[in-house]
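Worksheet: the structure to be examined is printed underneath.
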Amino acid sequence: MSTTTQQRARSFIEAADDELTIFDRSKPGRRAFVPPPLDVPERPLDELIPAELRRPEPARLPEVSEPEIVRHYNRLSKRNFDLDTGFYPLGSCTMKHNPKLHERVAALPGHARLHPLQRPAAAQGALELMWRLQHALGEISGLPHVSLQPSAGSHGELAGVLLTRAYHEDRGEHRTKVLTPDTAHGTNPATVTMAGYELVKIGTDAYGNVDVEDLRAKATEDVACLMLTNPSTLGLFEPQIEEIARIVHGVGATLYYDGANLNAIMGICRPGDMGFDIVHFNLHKSFTQPHGGGGPGAGPIAVSDRIEPFLPRPQVVRRRAGDVAESESRHPSYGEVDTPGEFCFDLDHERPKSIGRLRGFQGNYGVFVRSYAYICSLGAPGLREVSEVAVLNANYLLARLREEGVLEHLPVAYERLCMHEFVLSGAPMKRELGIKTLDLAKRLLDHGVHPPTVYFPLIVEEALLIEPTETETRETLDRFAVLIAEILREAAEDPEIARGAPYATPVRRLDEAAAARRPVVRQEL
Amino acid sequence: MSTTTQQRARSFIEAADDELTIFDRSKPGRRAFVPPPLDVPERPLDELIPAELRRPEPARLPEVSEPEIVRHYNRLSKRNFDLDTGFYPLGSCTMKHNPKLHERVAALPGHARLHPLQRPAAAQGALELMWRLQHALGEISGLPHVSLQPSAGSHGELAGVLLTRAYHEDRGEHRTKVLTPDTAHGTNPATVTMAGYELVKIGTDAYGNVDVEDLRAKATEDVACLMLTNPSTLGLFEPQIEEIARIVHGVGATLYYDGANLNAIMGICRPGDMGFDIVHFNLHKSFTQPHGGGGPGAGPIAVSDRIEPFLPRPQVVRRRAGDVAESESRHPSYGEVDTPGEFCFDLDHERPKSIGRLRGFQGNYGVFVRSYAYICSLGAPGLREVSEVAVLNANYLLARLREEGVLEHLPVAYERLCMHEFVLSGAPMKRELGIKTLDLAKRLLDHGVHPPTVYFPLIVEEALLIEPTETETRETLDRFAVLIAEILREAAEDPEIARGAPYATPVRRLDEAAAARRPVVRQEL
Amino acid sequence: MTRYTSVTDDDLHEMLATIGVASVDELFADVPSALRLEGPLALEDGLSEQEVYGELQRLASRNVSAEDEVTFLGAGMYDTYVPALVDAIITRSEFLTPYTPYQPEVSQGGLQAMFEYQTAISELTGLPVSNASVYEGPSAVAAAGYVAKLHNGRRRFVVSAGVHPHAIEALTTLARGWEMEVEVVALVDGATDLSGVELGEDVSAVIVAQPNFLGAVERLDPLVQAAHDAAALVICSADPISLGLLQAPGAQGVDIVVGEGQTLGNRLDFGGPSFGFFAVTDELVRRLPGRIAGQTHDLDGRLGYVLTLQTREQHIRREKATSNICTAQALNALAGIVYLSWLGRRGMVELAELLARRTAYARERLSSIPGVTAAHSRPVLREFALRFDGDLDAVIAHCMAAGVNPGYRFADDQLLVAITERRTRTQIDSLAELIEEALA
Amino acid sequence: MTRYTSVTDDDLHEMLATIGVASVDELFADVPSALRLEGPLALEDGLSEQEVYGELQRLASRNVSAEDEVTFLGAGMYDTYVPALVDAIITRSEFLTPYTPYQPEVSQGGLQAMFEYQTAISELTGLPVSNASVYEGPSAVAAAGYVAKLHNGRRRFVVSAGVHPHAIEALTTLARGWEMEVEVVALVDGATDLSGVELGEDVSAVIVAQPNFLGAVERLDPLVQAAHDAAALVICSADPISLGLLQAPGAQGVDIVVGEGQTLGNRLDFGGPSFGFFAVTDELVRRLPGRIAGQTHDLDGRLGYVLTLQTREQHIRREKATSNICTAQALNALAGIVYLSWLGRRGMVELAELLARRTAYARERLSSIPGVTAAHSRPVLREFALRFDGDLDAVIAHCMAAGVNPGYRFADDQLLVAITERRTRTQIDSLAELIEEALA
Ligand SMILES: Cc1ncc(COP(=O)(O)O)c(C=O)c1O
Ligand SMILES: Cc1ncc(COP(=O)(O)O)c(C=O)c1O
C-alpha cells in the first residue's frame, strides 16, 4: 500500500480543478446575467426609494460569466460522493435509489410553476395529488388522518408533540414529561425540549428492546407521550410493542412513531395497528425524495381519530361537489375523481382546535410529487416488496459479514434477525486491531464506498449502523462484505494505514476541532 | 514526479468503479422496463407473425435494474473529460461553452415531441424557427439562400459539391476535377471522391497562404470547384481571397467555403462578399450545439443565386398568407410574423432542378433550436464580439506562449497575426528535448487540460493546432501558457516523464496498433 | 420484481440459504402475528413508467400555473425566472443524491458550496454568520423566535402586522410550547408603529419584515432603537432580492435576519421546497440552528471544509440542542448561491432596480384608476397593496376570464399585486385595463 | 460583453498590449478592407435569457406536438416513450459536451459506451460488426449503397418500393455522383416482388426494408437468395424495435443492415437529431463508414477502448477514405444503448409483442369499417397502410377537429397508421369511431 502512505497523484479530473471559491473567480465587469430591458419610465431612484433606505455599496457578490459558473460548480460536484456513483449504506438514512422519472414529473410546469396561493379551483391537480398522497400514507400507516405540512422528520416530530400538548390541554390535562428510549435519534430529545417538555429516558434491555419494566416505572400520570422508533435505531422490531402501547395508553399518554425506519415494514404491519397515535414519515427516506446533500425533505404526519381535530391548518380535503369535507376514505382508482363535478378538492382552514400552521403555504409540494409518483410506480405489492427486500438485504449482508469472519472483530450488537439495518460494535476491533470505527469508515472512502452511520446509536460502543436498502444488488453486498474483511486484514498487518486514511479523497482527514475553535464560516471579501 | 512513474493510486470515484460493461452486469430476471398492460385481445403470436419470420431466441440485451443502469453510465461519464470540467483548445473544433439555456428550450415538448410529418399548418413554430435561422445564416454568410438539411459539416460538403455538379450539368458542362489546398481537412478530399470527382491539390506558399501561382496553373476548364477554408486550417486569413475568387470564377468553377472556421469572422466579413458560391456551417462549432462525444451536429449550406435552383428538397419558405414562396429577405423582428394570417410558413417540395434529398425529413431540428437560441441571445453585436474575442484570445495565447519562451522549442508555423487559432510545430522540441507532439499532448492530460489538435494540418511537422475560443477567461489562457512551459522544462530534465504520460487518467497509453490488427469491436456474449 | 430492486429467484433462494431461514416471512418473526397484515394494502397495483408519467401529467394539467396565465400573485413567493444553469447544476447527481455531508472528505463540493452560500447571505444581510439553510421563510421566523427565547428567556414577542401572516401563525404555534405570548402591532400607513406598545423587560424580541407584507419598505432604525432600548432582540424577515437595493438590516443593528429564499433560483412548486436563510450577530452564533459549514485544513495542510459548531445540534447535544432541525434544504440553498453568482454584484442591483421601477409604475398606474387606491404611501420595491371601493369579486372574475391573475386578495377589499422580472409593462397595462373595464 | 465571454476592459487593454497591437481591428489586418463590413449585420440585438426562453416558447406553442394531440403519425419516426433515465444520462456534461474521442485516455466513458452500443446493434441485426452511428436512417441507406459501390463497382441498385421514400431519394441524390442507376421494384400485396426484375452482372445491391414502408413484414430469404445468385449484396433497412421479435436479417444472409434509431430512446425533434445504425458482415468491415470503437490494452495491461480501423477514415485516408463522415450522432447512439439496457432482453420482446398485438387489433378494427380496407395482407408489427374508398380529406379533417392525428397520408387514398406503446386501445377505438363518423 505504498502509494497510500504518501501524497497521492491527482486524477485528471482533480488536476483540472484549481480549488478556488466562486468569490475568488470574481473579476469586476464580468457577468452571466443580462437584465431584461427597462420598459417603464426611468425615474431617478431617489424618487422611488430614499437614499437612506438604500445600500451605500452593492453586496459583493461574485462577478463571473456563465461558463465560469458552470465549470466551478461542475468541478465542485466532482468532489462529492453520491448515490449514483456507489454503495451508500448509511444507517437510518435509507439511501435507496432515486428514480429519474421523479425529477421529470416534478419539473412539469403544471407542478413546478404553480403558485402556492393559486385559488383551489385552479389548483385541483395539486390538491388531488396531495389528497391521494395523504390517503396512501394513511393506508400505509394505519392512521387515517394525514397532514403533509411538516418540512422534514424533525419538523414532523415537533408537530406531533405539539399535537399531544393540544390534545391533553383540550382535556384540561397539563402534562410535563415525554419519554424516549436511550436509543432514540437526537431529534427526538431535541424535539421534546423544543416543545416545552421535560425528557425522561427509558433504558434498553439485553435483547435490544425497550426495557418494559423501566417504562412501566416511568410511565406516570404526568407523562404526555412516548416517542418510539420501530424498528428501533438498532434495526430491531419491538416484540412487546402491544404491551408498550397498553402501558402508555394506560396512563393517558400518546404513543408517537418516528417513521424514519418505516422502510422495514411497509405492507407488512402498520403503526396504527400497533397502537400508535401519531406517526411521522420521512418522504426523503422511505419514499425516495433525493437527499440533496442535506435536504429538501418532507415529514408528513398521520394521526388517529382522537388527535385529528388538532392537525395543522390548512388541511387538504375532498368534497362532493358542493358539500363540506368528507371523511370517507376508500382508496380511489387513478383518474377516478376526474369525473367532472363529482368531487372537488379544497383547503380547509376552518379547524377551530388546530395547533395552527408550522410553516408557510402547504408544505414541500415538489417532494409530494416525487413520493406520489413512487407510490404509483410500486403500488401495494411493490411497497411490500420494498420492505421485504430491504430486510432480506440487511440479513444477507449480516450473514455474509459473518461468513467473511468480520463479526469476530466487529460483533453484531444483538444476536438476532435484524430488520432493514443492523448495528455492529467496533469495540473488539479497537482493542484487538488498534483501529477505531472512525478509521474503518475513513478507509472505506479509499475504496469508493460510503461508510455506514458511525457512533450511533449511542448505547453501542464504537457503533456502525449499516442499512443497505432494497435497491442494492446482491453483488454489491458481497463486495462490501469482502472489502470490510480485507480492511480488517490490512489493519491486522499495519493499523497505521487505516489510522491515516483516507488517501484517495480530494482532502485527507480534516481538523474539525480547529474549525470549531476558530470558526471561519464565511469568506472575507 | 515520482508518483507519475509508478501505478497511480485511484481516486475515491475511480475506486467506486468496477469497470464492467453493461453486459457483464446482466443477470437473468432483472429488469428496468415494465411494459404497459396489454389492453387488446391476447392472440397467439403465430396468428400475427408466422414463427419462421420470428427470432428463435431473444436478442441478448443486458438484464439490469434501473439503479444499476444509472450507476453504470454515471460511472462511465466520470471517465470522460469534458468542456464543463476544463480547458479544451482542440483546434478546428471550436470547443466553446454550451449555454445551458439551449438544452432547456430544445426540450420544450412543442419542439421535442413534434413529429416530422406533422402538416405544416400544425408546425408553424418549427417552420418559422427554421426560416428565421436560414435568414440569420444567410445574413451572416452573405449568401441569401439556405438549406438546413445536411446533418454535419461533411454532409454539407457533399451537398455543396453535388450542387456544383448539378449546376454545371444544368449548363451542359461536364467537369471532372475539384481543387483543395494541401492544408484542407480530410473531409474535403474525401467528399471530392464521394461526389465522383478527381482531387487536385494546391500548394501553400511561404506565408501559409494558398499558392496563387499553383492555383492559376491548375485552374483549368475541367475544374468544377475549389474548396477552401478561410481562415485556413492554419488559422490564417487568405489576404488574396479576392484574386483567388477571380481565378476560380474565371474558369467557370464554383468556390466552396468550408465553414468550420467561421467563428473567426462573424460580423466582420462574409464569404459571400469574398466571392464564395457555397458555404457550409458547422452549427456544432460556431453555433454551439454540444458535440455529444461525436455528434449530433448540423451542416446547413448557404448559396448564391445561381446555385439556388439546385438546393435540396424540401425548402422552408415563408409565404404571404395564400401566395407562393416569397424571396423578400429583410430581417423580421421577433414575434413579428405572429400577426395572425399575415404570413405562413411552408415546405416547398416543388423544386424541379433540386439535387433532391440528402436524408430523411427536414434535418437536425433539435440542433436548429439551440443555434437559433444562441443567435437570439447574442444578436448582431454579440456575434461580432464572439469573433473579435476568439481572435483576441488566440493572439493573446500565442503572445503569452512567446513570453514563456515556449516558442523556442515550439515555433509558430507562420510568423504573423493569427485568427481564432494558430499552429505550432513540435519538430524542434522533438529534436532538442526528445519528446514528440504526442508526448506533450499526453502529458497535458495529467494536468487536466485537453490537448490541442495534433498532427493536423499535415503540412506542418509535429503540428499542434490550438483554438482557445472566445468563452475562455484570460486566466485560463495564462495558466495554459505556463503549463506548457513547465512541461517543456520537465522534458528538458527528464523526457521519459512525458514519453510515459499520461499517468493520471483511468487508463494509460493504449495500444491502437493491436486494436487495429485484431479488431475486437463487440463483446462476445 | 420491481424495476428498482434486483433480487432474482435464484438470488432469493441463495440469500435465504445464506441467512439460514426458509422464507422471507421468517425474517419478520419479531412482528407479533396479530399485527401482520393479512392481505395487501388497499392501494392500487404498480404502474409502468409511462403510465405514472401520464398520471402526473394528468394532475399537472388540472392546475393553472404561471405557465398558463399572467400572474401577479406574490405574498411570499414570486414567479421569477430561474436560469437554466441552476437546473443544470442542481440536477447533477453529485449534488442531488448525497446525504448531509457527514463524511467531509467525500463531500467537499457540497460543503464548499455551503461556505460560499453563507458568505453571500452574510453579505446580503449585513450579519457576520449565516447557517447553511432552514426549511423556509415563515418557519424561519419561528426558529428565530426560539433563538431569542434561548438568549434572554423573556416571555413576549412583539410582532409587526407587516410580518407575513403565515410567519406570525407559525411563531404562535411554537410559542405555545414555550408558554410565550405573541403580540401583534398594527401598521400605520403601511409602516410598523410601536408608539402604542410599551416595550418592557418581558419583551424577548421585536419582529419586523422588510419589505413588509403590504410591500412597504420599512424604516428599521427607529424600531431597532426602541427594541434595543428595552434590551430586546430585533428579528427581521427580509426579501433577499430587495436586499440588492436596500440597506442591509444587519448594518442597521438588526440581530437576526431571516427570510424566504424561493426567489433565489427556486421554483414556485406550489409552495416548496425552497429554503429559509438565517443570519445572526457574533453574539448569537452558539444559538444558531441548523448546519454551518466552516473552513479548516487536512492532515497535509490542504484547505477544506467541514460541518462545524456542531455542539449546538441535536445529534450531539440532544435535549440540550438549540434546535431539533436535522435535514434542511441544502439543494435549494445550492440553487440560491448558483443564482446569486449568476446575478452577480451588478446584476443584483440591476434586477432590484428594474423591479423597483416597474413596481412604482404599476402602483401609480393601478391606483390612478377611479375606485382603486394605494393601501399606503410607503416606498415599494416588488409588491404593493391596493384598496378597492368597487366590487373586488367582479374585478378578479373579469381578470381571470382574460387569463390574468390580478394578485392575492388578503382582505375583502384589498389586493396584493406582485411584480417580477417576468411581468412586462404591457402585462401591467393590460391588468390596468381589465380592472378599469371591471369597475366601469 | 456577452454573458458567455469574460474580457473586461482591463483585460482587453492588457491583452492588446501583450500582443503588441493597438486595437482589435488590427488583428484583422489580413482581411482586405473592401471585405470588412461597414455596419453591423442586419440582425436584431441580443436578448436576455428570459426573453430568449420566451421566444423559443412562443415558437413551441405554435406547433401541435404529440403532447397536444393523439397522433398515429409514423412513417419512419414514432411517438415512443423515452424513459427519464435516458435524459438523466445523456444530459450529463461528461457525455454532452466532449468532442469525438481523439484522446482515448480521457474518453473511456464514451468509448466503452460505443463498444456496448456496437455489441447491442450486432445482436439485433445478426451481423458481426456495427459502427458507432451514422447520421440517420435514410442517409444510412445511401451510405450502404456507397459501400456496395466500393465493394463490387457495379452500376445499378435494385430498390424495393417498400424502402422509405426518403431513403430512395437520398440514395438517388448520391448515386448521381457515382453515375449509378436506381431501379425501384414495386410491391405486390405489400411484399417486394423481384419476379419482374432481371438481376444481372450489373446489380451492385438489392435494397429492401423490414418491416417495409407499408408496415409489412417481408420474407427476406427469397430476396437474399435471388440477390446472392447474382453476386449482388443485400442491404436491409430495418426497424430496430421490430427486430426484438423478427428474425435478425443478418441471420438470413443480409450483408448490410441499417436503420433509423429514433425509436431507441430518442425524441421526435421534428425529425432529428436521431441516429442511424449500420452493421455489416466481416467481409465488408474495411469499407464500413464512420467511427468504430475497439477493445485494447494500455501500457499497464489494463483493458481499454480506442477508435479503431481508422485507415478507412477521411482524416487518415483523405480522398481514399470509404466515406467522408466525421461528426456523427454519438450522443443519440448513447441514448440508444441506454434505452436498450432499460428495455433489456425480455423487455425488448415484451414491447415488440405489445406493439404487434395492438397493431393487429388496430388494423382489424379499422379495416372492418365500410369504405376502409387494409392495403395488404402481410403481417404487420408497428404500422399498417389503409386504403379509403370514401373521402379521405373529410376523414382527416374530422379526426383533427377531435384532436386526433389519424396518420400519414402517403397517397391520395392511403393512410399509414402507426401504433406505439403510447397508443392505447381506447385511443385506437376512438380513432375508429371518428373514421366511422366521417365516412357515415
Ligand atoms: C431515527 C430518525 N429520526 C428522525 C430523524 C430526523 O429526520 P429529518 O432529518 O428528516 O429531520 C432521522 C434522520 O436522520 C432519523 O434517522
Ligand atoms: C476544417 C473542417 N472541415 C470540415 C470538418 C467536418 O465537419 P463535421 O465533423 O461536422 O462533418 C471539420 C471538423 O472537424 C473541420 O475541422
Side-chain angles (χ1 to χ4, degrees), chain A residues 32-33 35 39-40 49 59 61 73 76-77 79-84 105 108-110 112-116 122 124-125 151-152 154 186 189-191 195-196 199 237 269 291-297 356-357 359-361 364-366 376 379-380 382 396 399 473 505 507-508 515 520 522-523, chain C residues 6 15 30 35 40-41 43 45-46 52 56 59-60 62-67 73 89 93-94 97 100 105-106 108-110 119 122-123 135 138-139 166 169 173 177 267 269-273 294-296 298-299 304 308 314-315 318-319 321 324 327-331 345 347 350 361 379 425:
Chain A
F33 171 73
D39 51 4
V40 297
I49 299 166
L61 297 174
Y73 289 102
L76 281 192
S77 75
R79 294 190 224 152
N80 277 0
F81 183 86
D82 74 303
L83 189 54
D84 287 357
V105 293
L108 289 168
R113 290 194 63 197
L114 181 60
H115 193 284
Q124 285 296 294
S151 307
S154 62
T191 298
L199 177 78
F237 192 92
C269 56
H291 281 274
R357 290 187 159 279
R359 54 160 288 163
F361 309 117
N364 284 342
Y365 177 77
C376 291
Y396 175 74
T473 62
T505 49
V507 292
R508 293 181 57 201
V520 179
R522 65 154 288 174
Q523 181 169 3
Chain C
S6 300
M15 291 169 82
D30 284 338
L35 296 180
L41 294 167
L43 299 173
D45 285 353
V52 177
L56 274 293
L59 292 167
R62 303 190 63 212
N63 298 324
V64 180
S65 79
E67 197 99 343
L73 282 173
I89 290 162
S93 64
E94 294 88 337
T97 68
T100 301
E105 299 87 351
V106 292
Q108 286 298 296
T119 302
S122 170
E123 273 296 298
Y135 302 134
S139 56
H166 293 177
E169 191 174 345
T173 302
R267 322 192 280 215
D269 277 338
F270 199 46
Q295 212 173 43
T296 185
D298 77 354
L299 284 177
T308 192
Q314 47 77 25
H315 60 290
R318 303 182 64 87
E319 66 270 23
N324 71 337
T327 293
Q329 308 284 138
L331 192 72
R345 186 175 201 223
E350 291 163 349
Y361 171 81
R425 177 192 186 145

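Just so it is clear: chains get the letters A, B, ... in the order the sequence lines come, proteins before strands, and each one is counted from 1. These numbers were taken from a predicted model, which means no experiment stands behind them.
Residue A/A112 touches chain C through both its backbone and its side chain, counting heavy-atom pairs closer than 4.5 Å. Residue contact with chain A, scored on non-hydrogen atoms closer than 4.5 Å, involves the backbone and the side chain of C/L35 alike. For C/T100, the parts lying near chain A are the backbone and the side chain together; criterion is any non-hydrogen pair under 4.5 Å.
Contact annotation: the side chain of A/F33 approaches that of C/E350 to within less than 4.5 Å [non-hydrogen atoms, C-beta and beyond]. Between C/E123 and A/R522 there is a side-chain heavy-atom pair separated by less than 4.5 Å.
Summarising the geometry of A/P296 relative to C/P273, their closest heavy-atom pair is CB-CB, 3.4 Å, with the distance given to 0.1 Å. The nearest pair of heavy atoms linking A/A515 to C/Q295 is CB-O, 4.0 Å. Between A/Y365 and C/N63, the shortest heavy-atom distance links the atoms OH-ND2, 4.2 Å. Shown here for C/T97 and A/D84, the closest heavy-atom pair between the two residues is OG1-N, 3.9 Å. Here the closest non-hydrogen pair linking A/A190 and C/A321 is CB-CB, 4.1 Å. Closest of all the heavy-atom pairs between C/N324 and A/S154 is ND2-O, 2.8 Å.
At distances below 3.5 Å, at least one donor-acceptor pair connects side-chain atoms of A/N80 with backbone N or O atoms of C/G109. A/N364 places no side-chain N or O within donor-acceptor distance of the main-chain N or O of C/G272, the cut-off being under 3.5 Å. The main-chain N or O of A/Q523 is found under 3.5 Å from a side-chain atom of C/T119 such that the two form a donor-acceptor pair.
Using a 3.5 Å distance cut-off with no hydrogens or angles, the side chains of A/R357 and C/T173 do not pair a donor with an acceptor.
Ring centroids of C/F270 and A/H115 are separated by 6.0 Å or more, keeping the two rings apart.
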